[in-house]
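Notes for the one structure printed next.
Side-chain atoms are counted along with the backbone in the values below, which use heavy atoms only and exclude waters and symmetry mates.
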Amino acid sequence: MATSPPLTDESSCGYHYKPKDWFKDNPDSRHDWRELTQEERKRLFPEKAESKPICTIPDEFVTRSVRTDKASHLIEYLSNRIDPLILEGIIGEYHIGVTKSNDIIYFQIDSEGRCRTGKVMKYNKETGKRVKDEKTPSRITWIHSLLKQQRLIPADWELTQCLFGEHLLTKYPDATVALVESEKTAIICAALMPRFIWVATGGKTQLGDKLK
């Protein structure tokens, strides 16, 4: 009877158990995959667990929020420093939205064009800096949280993030990609250095989760 791969300190899945060592420990094992029994197939080639469907934000909420006739406080600040026509292009390219209270919405659109969520952030229109005062309500919030509160998406809706600007990787497959942390940095760099495709993690600790 074939033995199972031993566990190691470095990995609990037996990754370091080399094929040649497995066959050495199991000389009677069948080498032709066509002759494997159903039980051997399941043991040697375990099926991957089916992943849950990704929850997304309906397109109508993105379309309704991406506007060029109403500027968020950050876009208003940048318009005095960057050509407004370039900013208009950035808004459309990155699907940047705006709330009724002039907060910016960084929509996360994945490589398949699906909206995963949108990060809503408050900025000071005079300085262009993010509002960090903890006494300021909703200085950072999320579109999916707001929609849940309004019961516009199911209560069991689950968040799965992607990179900000990820959809551009599909649109421009041959372009050089530049990765930064903040969405603000990405849109400013996109305006000043358009030869690169700028994408953002949205946080220094979030890169690993978004590349899963």
Side-chain angles (χ1 to χ4, degrees), residues 54-57 59 61-99 101-132 136 138-146 159-212:
I54 293 176
C55 295
T56 59
I57 300 296
D59 292 340
F61 296 110
V62 179
T63 304
R64 189 187 308 168
S65 304
V66 177
R67 301 171 54 180
T68 55
D69 62 331
K70 177 179 173 65
S72 66
H73 287 156
L74 177 61
I75 295 299
E76 183 178 347
Y77 171 82
L78 294 177
S79 65
N80 295 319
R81 294 157 178 79
I82 298 174
D83 188 325
L85 289 179
I86 293 178
L87 280 179
E88 184 175 329
I90 296 295
I91 291 172
E93 191 90 304
Y94 281 86
H95 301 289
I96 299 172
V98 58
T99 68
S101 56
N102 298 92
D103 300 328
I104 198 168
I105 308 174
Y106 296 117
F107 283 110
Q108 294 180 7
I109 312 296
D110 66 20
S111 58
E112 296 183 25
R114 303 170 298 185
C115 180
R116 301 289 189 88
T117 188
K119 184 191 294 185
V120 184
M121 301 183 71
K122 292 183 179 294
Y123 287 88
N124 185 305
K125 66 179 180 180
E126 302 297 333
T127 64
K129 294 183 178 180
R130 181 163 61 88
V131 175
K132 298 182 179 180
T136 302
S138 303
R139 65 188 188 282
I140 298 180
T141 189
W142 297 86
I143 287 297
H144 66 273
S145 297
L146 298 175
L159 173 63
T160 305
Q161 295 191 66
C162 68
L163 295 171
F164 172 70
E166 182 178 303
H167 61 289
L168 299 177
L169 304 181
T170 304
K171 186 175 182 180
Y172 304 105
D174 299 323
T176 301
V177 179
L179 178 68
V180 294
E181 179 183 341
S182 80
E183 297 90 347
K184 175 183 173 181
T185 301
I187 62 176
I188 293 175
C189 289
L192 301 179
M193 293 176 280
R195 66 183 180 277
F196 301 111
I197 297 301
W198 295 88
V199 296
T201 65
K204 61 183 179 182
T205 63
Q206 297 175 20
L207 179 59
D209 291 338
K210 293 182 180 181
L211 293 184
K212 288 182 180 179

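Between the side chain of Gln108 and the backbone N or O of Thr117 there is no donor-acceptor pair closer than 3.5 Å.
The aromatic rings of Phe164 and Tyr94 lie parallel to each other, with less than 30° between the two planes, well short of the 60° mark. The aromatic rings of His144 and Trp142 sit tilted, their planes meeting at an angle between 30° and 60°.
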Residues His167, His95; criterion side chain to side chain contact (heavy atoms under 4.5 Å, CB included); working and verdict: CA-CA 10 Å; His167 61 289; His95 301 289; 3.5 Å; yes
Side chain to side chain contact (heavy atoms under 4.5 Å, CB included) evaluation trace for Val199 with Leu169: CA-CA 9 Å; Val199 296; Leu169 304 181; 4.1 Å; yes
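Using a 4.5 Å cut-off on side-chain heavy atoms (C-beta onward), Tyr106 and Leu74 make contact. Counting heavy atoms from C-beta on, the side chains of Glu183 and Ile96 never come closer than 4.5 Å. Looking at heavy atoms from C-beta onward, Ile82 lies out of side-chain contact with Ile90 at the 4.5 angstrom threshold. Contact annotation: the side chain of Met193 approaches that of Trp198 to within less than 4.5 Å [non-hydrogen atoms, C-beta and beyond]. Side-chain atoms of Ser65 and Phe107, non-hydrogen and from C-beta on, do get closer than 4.5 Å to each other.
Going from atom CD1 of Ile54 over to atom CD of Gln161 covers 12.0 Å, rounded to the nearest 0.5 Å. From Cys55, atom SG reaches atom CZ of Arg114 across 10.5 Å, with rounding to the nearest 0.5 Å. Summarising the geometry, atom CD belonging to Glu76 is positioned 8.0 Å from atom CD belonging to Glu126; distances are rounded to the nearest 0.5 Å. Here Arg130 contributes atom CZ and Ile140 contributes atom CD1; the two are 4.5 Å apart, rounded to the nearest 0.5 Å. Interatomic distance, Thr185 OG1 to Leu179 CG, rounded to the nearest 0.5 Å: 11.0 Å. Note that CG of Asp110 is 5.5 Å distant from CD of Glu166, once rounded to the nearest 0.5 Å.
Pairing each heavy atom of Asn102 with each of Ala71, the nearest pair is ND2-O, 2.9 Å. The minimum heavy-atom distance linking Val62 with Cys115 is given by the pair CG2-SG, 3.7 Å. Minimum heavy-atom separation, Ile105 to Ile143: CG2-CG1, 3.8 Å. Closest non-hydrogen pair, Leu87 versus Leu78, comes out as CD1-C, 3.6 Å. Of all heavy-atom pairs between Ile91 and Arg67, the closest is CG2-O, 3.9 Å. Shown here for Ser182 and Ala200, the closest heavy-atom pair between the two residues is O-CB, 3.4 Å.
For residues 168-177, every residue pair satisfying the side chain to side chain donor-acceptor pair (under 3.5 Å) rule, not counting sequence neighbours, is listed here: Glu93-Lys171, Glu93-Tyr172. Contacts classified as ring-ring contact (aromatic ring centres under 6.0 Å, His included) and involving residues 67-90 (residues at least two apart or in different chains) are not found.
Thr99 pairs by the side-chain hydrogen bond (donor to acceptor under 3.5 Å, both in side chains) definition with Ser101, not counting sequence neighbours.
In the displayed structure, Lys70 atom NZ is contacted under 6.0 Å by more than 12 heavy atoms of other residues, nucleotides or ligands.
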